[in-house]
Protein chains: 2
Amino acid sequence: MSDMPSCQFESRPRRIVIGSSGVQTDFCTTCSVRPTSVCSVIGPDDISRLSDAAVETIIPPGRGFIEEGAPATDFFNVTSGTVKLFKALPDGRRQITGFASPGHFLGLAVSDNYAFGAEAVDTVRVCRFSRDKMADLLDDFPKLERRLLEEASNELVAAQNQMLLLGRKTARERVASFLLDQMHASQLPGHESNGGRLHLPMTRGDIADYLGLTIETVSRTLSWMRSQGMIEVGKGYAITIVSAAKLDVLAAGNT
Amino acid sequence: MSDMPSCQFESRPRRIVIGSSGVQTDFCTTCSVRPTSVCSVIGPDDISRLSDAAVETIIPPGRGFIEEGAPATDFFNVTSGTVKLFKALPDGRRQITGFASPGHFLGLAVSDNYAFGAEAVDTVRVCRFSRDKMADLLDDFPKLERRLLEEASNELVAAQNQMLLLGRKTARERVASFLLDQMHASQLPGHESNGGRLHLPMTRGDIADYLGLTIETVSRTLSWMRSQGMIEVGKGYAITIVSAAKLDVLAAGNT
DNA sequence: GGAACGCATTGATTTACATCAATCCATCGG
DNA sequence: CCGATGGATTGATGTAAATCAATGCGTTCC
């Protein structure tokens, strides 16, 4: 899950008016995710096509905005905040299949219905594209399709790594892998260097649902890592990586 | 993993000569996978472009043909047989991330190296496309990109289902899900109806590596299912589903 | 300001599956 | 034809993680 700088914008959903003058406030122009997201393939001359298609939406923490099984009418580009993607069983068991941060494109569906759910972990901003408008953009901008294929391929690789983790790794290997992934994500372009300090807005329960563990196992493992001098657990959701090398050895899987 | 009818062809790899007459034996023309695979977007008038790009390859059982970490120089379209896709840990632990049957397109890579390995379960035929030739085809046939995006989206959905299975399902739920998936795959277009009888060329070890279990657990679970009247375990690799309804209840996850 | 709630940590106990072991069966090669 | 090998099944035992429980802390709301 790559991590991108967020798009700053006003705090309520609204439709950008299709304007004929160039004076309108155009959040696409000022969006800081755009240089590295799927939107980057649409050039400055065509940016109004983007603005016309996109509806910026603010989603408060805890609110779901994609429901597994619901008709797949929209696509979403995450421009700020963190989203958890998940699948659920009827008895309440849940597997988080990924955390989406700015730059992630959500909503690819094969059938007519979403195969997964999405819920805001913290305050989230997304640009929403209806399926029709997306189809128009794809027709007019072939490079967009190439870019979506790249995104999908990225997700496939991440999914395969996660299957290896879920199917074969021990609890300590899983937590180590998770922390290292979060560290790498926070070091991608657009993130200010923060000396190994991770901001993890998701709860221990969310981390457990992502790693195929329970809350207690995640907590015990983090406590053990702290006792081994690998991490520091700070206030709120801050975890600081003290020895990435030790975590690397764990995550690599040499049991 | 969708399952498609296989492409019949001669039993050794060779380059199809770029011919000017229409008399040459053209395996693309006779390929029975082609109507439903990514190649379907290339029309009969352009089929020579396909033949020019493809190299048919026969791979014996047990032979690997994609090595995790190796340079990603080729793509592969599976036209016959079964392929296992996997990721490995240094200490020998291995997770099979999928079984690819005819119609599957392999080799999408984001970086310059393959993120997974591939190995033939039984005798496998693939059409191999070099990266350069694939790029040419993509430039000339934009619908090919759309089709690849559809394939990738299919794989993403399958991966998410598998993450739910690996992260949250019990052993019985996993085996039930696997058997039902194989049943559905065998009922796709191109497969003759075979009354619930599955042909599973992969070993119990392969099934275990796919479901995040051990050989013994898979074997015990199949034995229990036989004792419950859900399946019959026949000679060789044949498993017959006797009560899909009971397996459905298990697989659904209502523990 | 205090009760309620959500979240996290830690302890004790249980359990689903792994591990180790033995045996059987089918196939292959000499 | 027989020994070797690969694969599968079944039994006995061990264990990593789950489950159950208790406690503490920070935040929110009345």
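Keep in mind that what you see is a predicted model, and the values were worked out from it rather than measured. Chain identifiers are assigned alphabetically (A, B, ...) following the order of the sequence lines, protein sequences preceding nucleic acid strands; residue numbering begins at 1 within each chain.
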Whole angstrom is fine here: how far is it from [atom1] in [X] over to [atom2] in [N]?
X       : N       : atom1 : atom2 : answer
L211(B) : dA18(C) : CG    : C1'   : 15 Å
L213(A) : dT15(C) : CG    : P     : 20 Å
W224(B) : dC17(C) : CH2   : P     : 12 Å
R174(B) : dA16(C) : CZ    : P     : 14 Å
K169(A) : dA17(D) : NZ    : C1'   : 18 Å
D206(A) : dC7(C)  : CG    : C1'   : 11 Å
M202(A) : dC7(C)  : CE    : C1'   : 15 Å
R172(B) : dC17(C) : CZ    : P     : 9 Å

Can you confirm whether more than 12 heavy atoms, excluding those of Q228(B), are under 6.0 Å from its CD atom? yes
Do side-chain atoms of Q95(B) reach the backbone of Y210(B) as a donor and acceptor pair under 3.5 angstrom? yes
Hey, does the side chain of S227(A) reach the backbone of W224(A) with a donor-acceptor pair shorter than 3.5 angstrom?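 Checking the backbone N and O of W224(A) against the side chain of S227(A), a donor-acceptor pair under 3.5 Å is found.
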N or O in side chain of S223(B) less than 4.0 angstrom from dT10(D) OP1/OP2: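 Yes, such a contact exists.
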Output yes when at least one side-chain N/O atom of R226(B) is less than 4.0 Å from OP1 or OP2 of dT10(D), else no. yes
With heavy atoms under 4.0 Å as the rule, sort [X] into base, sugar-phosphate or nothing.
X       : value
T203(B) : sugar-phosphate
G62(B)  : nothing
I215(B) : base

Can you pull every protein N or O that's under 3.5 Å from an N or O on nucleotides 19-22 of chain D?
unit_1: dT19(D); atom_1: O4; unit_2: R220(A); atom_2: NH2; d: 2.9
unit_1: dC20(D); atom_1: N4; unit_2: E216(A); atom_2: OE2; d: 3.1

Side-chain donor-acceptor pair under 3.5 Å between T97(B) and K87(B), yes or no? no
What pairs meet the salt bridge (Lys or Arg N to Asp or Glu O under 4.0 Å) rule with one or both residues in residues 222-234 of chain B, with sequence neighbours excluded? none
Ring centres of F76(A) and F65(A) under 6.0 Å apart? yes
Can you name the nearest heavy-atom pair linking R125(A) to E56(A), along with the distance? CD-OE2, 3.3 Å
